[in-house]
Protein chains: 2
Amino acid sequence: MEDGKGAPNPCDRVSSEGPKVREVLDRVGDKWSLLIIGTLQHGPRRFGELRQAIGGISQRMLTLNLRHLERDGLVTRSVYAEVPPRVEYELTRLGRTLLEPVFALAAWATANYSEIEANRRTFDAR
Amino acid sequence: MEDGKGAPNPCDRVSSEGPKVREVLDRVGDKWSLLIIGTLQHGPRRFGELRQAIGGISQRMLTLNLRHLERDGLVTRSVYAEVPPRVEYELTRLGRTLLEPVFALAAWATANYSEIEANRRTFDAR
DNA sequence: CGGAATCCGATGCGATACTG
DNA sequence: CAGTATCGCATCGGATTCCG
């Protein structure tokens, strides 16, 4: 806004285009979506594989989250008419592009986790 | 994990270090924290300024979120004993480093928002 | 002005049971 | 195996009221 030129400054997007950012965080910011996306990064996975790889997720939430990701075009759902049935989930091109900023956030998280923990202990001790 | 070297691969951090990433998303992934951080990027702001700049946030949630951010050491809270009282919030060094990955996510959001919207319409129309 | 306290509805999420 | 349906709890978040 204090930028004379018309060049889009990503530093102002968080506040100026808040709704869009929030829309993305509503998808990615919940308890499981990011873990699902991270588990799918290496290639297609079956429902049960995802469940086992993630660990601790109920089948209900796994189903719901996969539906949401599918709706937004971040993953594809492929059903194979076999017995027993087999369903595979895979990241779309759009989903794979999301991996980049997500990894950036993950890197920040692992790098600064201990400092945050220390801050919390200090704050709680007051 | 399939990386022979000891070099940390950020691409595996989402799934392997899920808890830490989730911890960060629990702070940043809620409805307002990111907007608050984005609004604070230009410098210190008073409580009322934040409220007005963000728009639509209740004072309850603004207070709560600011406390959480303060607890994690992402913002500082400075109280000036005046009448009427003045309280200023400012990003810490740690908070400013968080801006980078957040901007990356914001850039992705603005770049791909329309595609996501289109995907949703297609999905909902089935 | 900045914030704490309370009430309340909406949503997230897990546990369980059932189905093609 | 991969869901769907239903329940019940916990948390999120808004509106309102009171306080220093």
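Lettering follows sequence order; numbering is per chain, from 1.
- We find that CZ of B:R77 is positioned 17 Å from P of C:dC1, with the value rounded to whole Å.
- At a threshold of 4.0 angstrom between heavy atoms, the contacts of A:R51 with the nucleic acid are absent.
- Backbone-only engagement by A:Y89 is indicated by non-hydrogen atom pairs under 4.0 Å involving sugar-phosphate atoms exclusively.
- Where A:L66 and B:P85 each meet DNA chain D at their nearest nucleotide, the meeting point lying more 5' is that of A:L66.
- Rounded to an integer number of Å, the gap from CG of B:L62 to C1' of D:dA15 is 16 Å.
- Of the side-chain N and O atoms in B:R60, none sit less than 4.0 angstrom from OP1 or OP2 of C:dT6.
- Using a 4.5 Å heavy-atom threshold, the side chains of A:I37 and A:V102 count as separate.
- Counting heavy-atom neighbours within 6.0 Å of A:Q52 CD, excluding the residue itself, gives a total of 12 or less.
- Summarising the geometry, atom CD1 belonging to B:I116 is positioned 5.5 Å from atom CG belonging to A:L94; distances are rounded to the nearest 0.5 Å.
- Distances from the side chain of B:Q59 to the nucleotides D:dG14, C:dA4, C:dC13 place C:dA4 closest.
- In this structure, CG of B:L64 is placed 14 Å from C1' of C:dG2, rounded to the nearest angstrom.
- At whole-Å resolution of the value, CE in B:M61 and C1' in C:dA10 are 13 Å apart.
- Counted by atom type alone, A:D30 and A:S33 present one or more donor-acceptor pairs between their side chains at under 3.5 Å.
- Distance B:W32 CH2 to D:dC12 C1': 12 Å, rounded to the nearest Å.
- When rounded to the nearest whole Å, the span between CD1 of B:I54 and P of D:dG13 equals 13 Å.
- Annotation: the terminal axes of the helix from C:dC1-D:dG20 to C:dG20-D:dC1 meet at 40°, where each axis is the rotation carrying the C1' atoms of four end pairs onto the next four (5 pairs per end, rounded to 10°).
- In this structure, the CZ atom of A:R45 is 13 Å from the P atom of D:dA2, given to the nearest Å.
- Heavy-atom distances to DNA chain C give each of A:K31 and B:R86 a nearest nucleotide, and the one nearer the 5′ end belongs to B:R86.
- Looking at which nucleotide of DNA chain C each of B:P84 and B:R67 is closest to, the 5′-most match is held by B:P84.
- A donor atom on one side chain and an acceptor atom on the other are not found under 3.5 Å apart for B:Y89 and B:R45.
- Ion pairing between B:R93 and A:E115 holds under the 4.0 Å rule for side-chain N and carboxylate O.
- Using a cut-off of 4.0 Å between Lys/Arg side-chain N and Asp/Glu carboxylate O, B:E49 and B:R51 are scored as not salt-bridged.
- As rounded to whole Å, 15 Å separates atom C1' of D:dC12 from atom CG of A:L25.
- Side-chain atoms of B:F47 lie closest to C:dG2 of the nucleotides C:dG14, D:dT17, C:dG2.
- Here the nucleotide nearest the side chain of B:D30, chosen from C:dC13, D:dA2, D:dG13, is D:dG13.
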